[in-house]
Amino acid sequence: MTQFSTTDHKMMARALQLAEQGLYSTMPNPRVGCIVVQDNEGTPEIVGEGWHIRAGEAHAEIHALKEACSRAKGATVYVTLEPCSHYGRTPPCAEALAEAGVKRVVAAMLDPNPQVAGRGMERLQQAGIQVEHGLMQQQARALNAGFIKRMETGKPFVRCKLAMSLDGRTAMASGESQWITGPEARSDVQRMRARSCAVMTGSGTIQLDDAALTVRPHQLGMTDPSLAAEKQPLRVVLDSALEISPQAKILQQPENTLLITAHPEEYRIKAMRALGAEVLTCPGEMDRVDLVSVMELLGRRECNEVLLECGATLAGAALDAGLVDELVVYMAPVLMGSNARPLLELPLTHMAGKVELEITDMRAIGRDWRITARPRDAHS
């Protein structure tokens, strides 16, 4: 096993910081950062930095090499993901690194994309470059959990957002739920939307809240929200009978709206398409939408991360189907009473059926608490 130095860790940490700048803008590509380091009389000196900004544009390695220019020769390159080896919308980065004459390439992780999958490192080795990988791999995987899952399983990483009171309630018996949490938590949700390829909900939530599911730049709480607000996520509504109102807010910007139904009447499909929305039929059992097929569909559409913003029924069904990779629960310091609606519809009857979770993060967001957890058997 490769022993990495303190300098190696420091440099890879910087590359990961750069990669994170692409959190909102690289989809469907992975977030990647790269630095070029020269040995300046025994002292490492960063001579080039870069990160992947948008799909179709130059990759992180190319930006870093351009900044380094001739000083890339004989340098060590730290990159958060194995350099690509194939021609896509841009030339292969492995070739560019070889042509630049770098001496060593350290990658945080190998690329799970079958078109690469070790071939980038192999190409570098063929050029006489020393290659190593596995440095800070866990952090690199966390940054691209959606891309990795899509490459490995064909389905996106599903993050389920829920808001509840201290007594575990999400809405009053009437369905009233605005607002349980404070403005800071709502800004946090906006940032989750902005990093997602798709935001999904059910028809019940649309009927109750009339949510638009858009990213609103003024609510992001960021100094420069331009990249985060540059591209709206695909908005997906699961509506078994296609009973959504033509006046719903989500249909006021129909060009980025996908309605997925199970057994609609034909005239309803025509009416929604006439409004500009895309309609697909994906029937499952009991006249409901097939959730597994929906996720496979979104995977084929190159969705890396899906944010599930919905009510207790759909959230419970997705969790029960094993489709939820991460739960993000905002807990507000309020009590809503025993008549209010529960967090999830999970009709469990015995302790043996309980869902085991692993809490991965817990922190204050304004006056609320954000709890991040993963089902213990979820794909990681």
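Contact check for Met11 versus Ile46: side-chain heavy atoms found under the 4.5 Å cut-off. Inter-residue side-chain proximity for Val294 and Met200 is flagged as met; some heavy-atom pair is nearer than 4.5 Å. Side-chain contact between Cys282 and Leu280 is absent, with no heavy-atom pair separated by less than 4.5 Å. Under the 4.5 Å side-chain criterion, counting only non-hydrogen atoms from C-beta, Met272 is in contact with Pro246. Residues Leu81 and Met109 are in side-chain contact: their nearest non-hydrogen atoms beyond the backbone lie under 4.5 Å apart. Between Asp167 and Met336, some side-chain heavy-atom pair lies under the 4.5 Å cut-off. Between Arg367 and Pro333, the closest side-chain pair of non-hydrogen atoms falls below 4.5 Å. At a threshold of 4.5 Å between non-hydrogen side-chain atoms, the residues Leu344 and Asp320 do not count as touching.
For the side-chain hydrogen bond (donor to acceptor under 3.5 Å, both in side chains) criterion with Asp325, the lone passing option out of Lys155, Lys149, Arg374 is Lys149. With Pro233 as the partner, the side-chain contact (heavy atoms from CB on, under 4.5 Å) test is satisfied by one option alone out of Leu307, Thr214, Val199: Val199. Under the side-chain contact (heavy atoms from CB on, under 4.5 Å) rule, Arg370 has a single partner from Lys161, Glu184, Met362, Arg363, which is Arg363. The side-chain contact (heavy atoms from CB on, under 4.5 Å) test with Leu259 singles out one residue from Val236, Val237, Asp239, Ile206, and that residue is Val237.
Of the possible polar contacts, one joining the Thr201 side chain to the Glu309 backbone as a donor-acceptor pair under 3.5 Å is found. Formation of a donor-acceptor pair under 3.5 Å by the Arg273 side chain with backbone atoms of Val279 is found in this model. Under the 3.5 Å distance criterion, the side-chain polar atoms of Arg186 are matched with a main-chain donor or acceptor of Thr181. Under a 3.5 Å cut-off, the side chain of Asp210 and the backbone N or O of Ala248 do not form any donor-acceptor pair. Side-chain N or O atoms of Thr360 include one that pairs as donor or acceptor with a backbone N or O of Thr372 at under 3.5 Å. In this structure, the side chain of Asp8 engages the main chain of Ser5 through a donor-acceptor pair within 3.5 Å. Here the side chain of Thr205 pairs no donor or acceptor atom with the backbone of Cys310 at under 3.5 angstrom. Of the possible polar contacts, none joining the Gln232 side chain to the Arg216 backbone as a donor-acceptor pair under 3.5 Å is found. Within the 3.5 Å criterion, the main-chain N or O of Arg31 finds a donor-acceptor partner in the side chain of Asn144. For Glu82 (side chain) and Gly120 (main-chain N/O), a donor-acceptor pair under 3.5 Å exists by modelled atom type.
Residues Met151 and Pro114 share a closest heavy-atom pair of SD-CD, 3.9 Å. Looking at every heavy atom in both residues, Ala262 comes nearest to Pro283 through O-CB, 3.6 Å. Nearest heavy-atom pair across Glu49 and Ile35 is CG-CG2, 3.8 Å. Taking all atoms of both residues into account, the shortest heavy-atom contact from Thr261 to Ser240 is OG1-O, 2.6 Å. Arg150 and Gly299 get closest at one heavy-atom pair: CD-O, 3.5 Å. For the pair Ser196 and Met192, the tightest heavy-atom approach, listed with the atom from each and the gap, is OG-O, 2.6 Å.
Sparse packing is recorded around CD of Gln138, with 12 or fewer heavy atoms of other residues, nucleotides or ligands lying under 6.0 Å away. Annotation for Arg14: atom CZ counts as buried by contact number, over 12 foreign heavy atoms lying within 6.0 Å. Taking a 6.0 Å sphere around NE2 of His133, one finds it holds 12 or fewer heavy atoms contributed by other residues, nucleotides or ligands. At most 12 non-hydrogen atoms from other residues, nucleotides or ligands lie less than 6.0 angstrom from CD of Glu285. Counted within 6.0 Å of CD on Glu20, heavy atoms from surrounding residues, nucleotides or ligands total 12 or fewer; the atom is thus considered open.
Here the CG atom belonging to Leu323 is positioned 9.5 Å from the CG atom belonging to Leu308, to the nearest 0.5 angstrom. Separating the CD1 atom in Ile180 from the CG atom in Leu162 is a distance of 10.0 Å, to the nearest 0.5 Å. In this structure, CZ in Phe157 is found 10.0 Å from CD1 in Ile148, a value given to the nearest 0.5 Å. Atom CG of Leu319 sits about 9.5 Å away from atom CG of Leu343, to the nearest 0.5 Å. Separation of atoms CD (Glu243) and CD (Glu265) is listed at 8.5 Å; rounding is to 0.5 Å. Annotation: the span from Lys249 atom NZ to Thr257 atom OG1 amounts to 14.0 Å, rounded to 0.5 Å.
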Legend entry - Step-by-step side chain to side chain contact (heavy atoms under 4.5 Å, CB included) determination, Glu67 to Val36: CA-CA 9 Å; Glu67 187 174 293; Val36 181; over 6 Å; no
Inset, instruction - Would you sort out whether His59 and Val32 count as a side chain to side chain contact (heavy atoms under 4.5 Å, CB included), showing the intermediate values? - result: CA-CA 8 Å; His59 290 185; Val32 183; over 6 Å; no
Legend entry - Trace of the side chain to side chain contact (heavy atoms under 4.5 Å, CB included) decision for Leu124 with Val102: CA-CA 9 Å; Leu124 295 172; Val102 305; 5.6 Å; no
Inset, instruction - Tell me, with the steps shown, if Val106 and Phe4 meet side chain to side chain contact (heavy atoms under 4.5 Å, CB included). - result: CA-CA 10 Å; Val106 181; Phe4 294 106; 3.8 Å; yes
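Between Glu132 and Arg104 there is a salt bridge, since a side-chain N of the basic residue sits under 4.0 Å from a carboxylate O of the acidic one. Checked for salt-bridge contact, Glu95 and Arg123 meet the test: a charged N lies under 4.0 Å from a carboxylate O.
Residues Ile62 and Ile129 do not share a hydrophobic cluster, defined by chaining ILVMFWY side chains whose heavy atoms lie under 4.5 Å apart. Residues Met27 and Leu213 do not share a hydrophobic cluster, defined by chaining ILVMFWY side chains whose heavy atoms lie under 4.5 Å apart.
Side-chain contact, Asn256 with Arg235: no donor N or O sits under 3.5 Å from an acceptor N or O.
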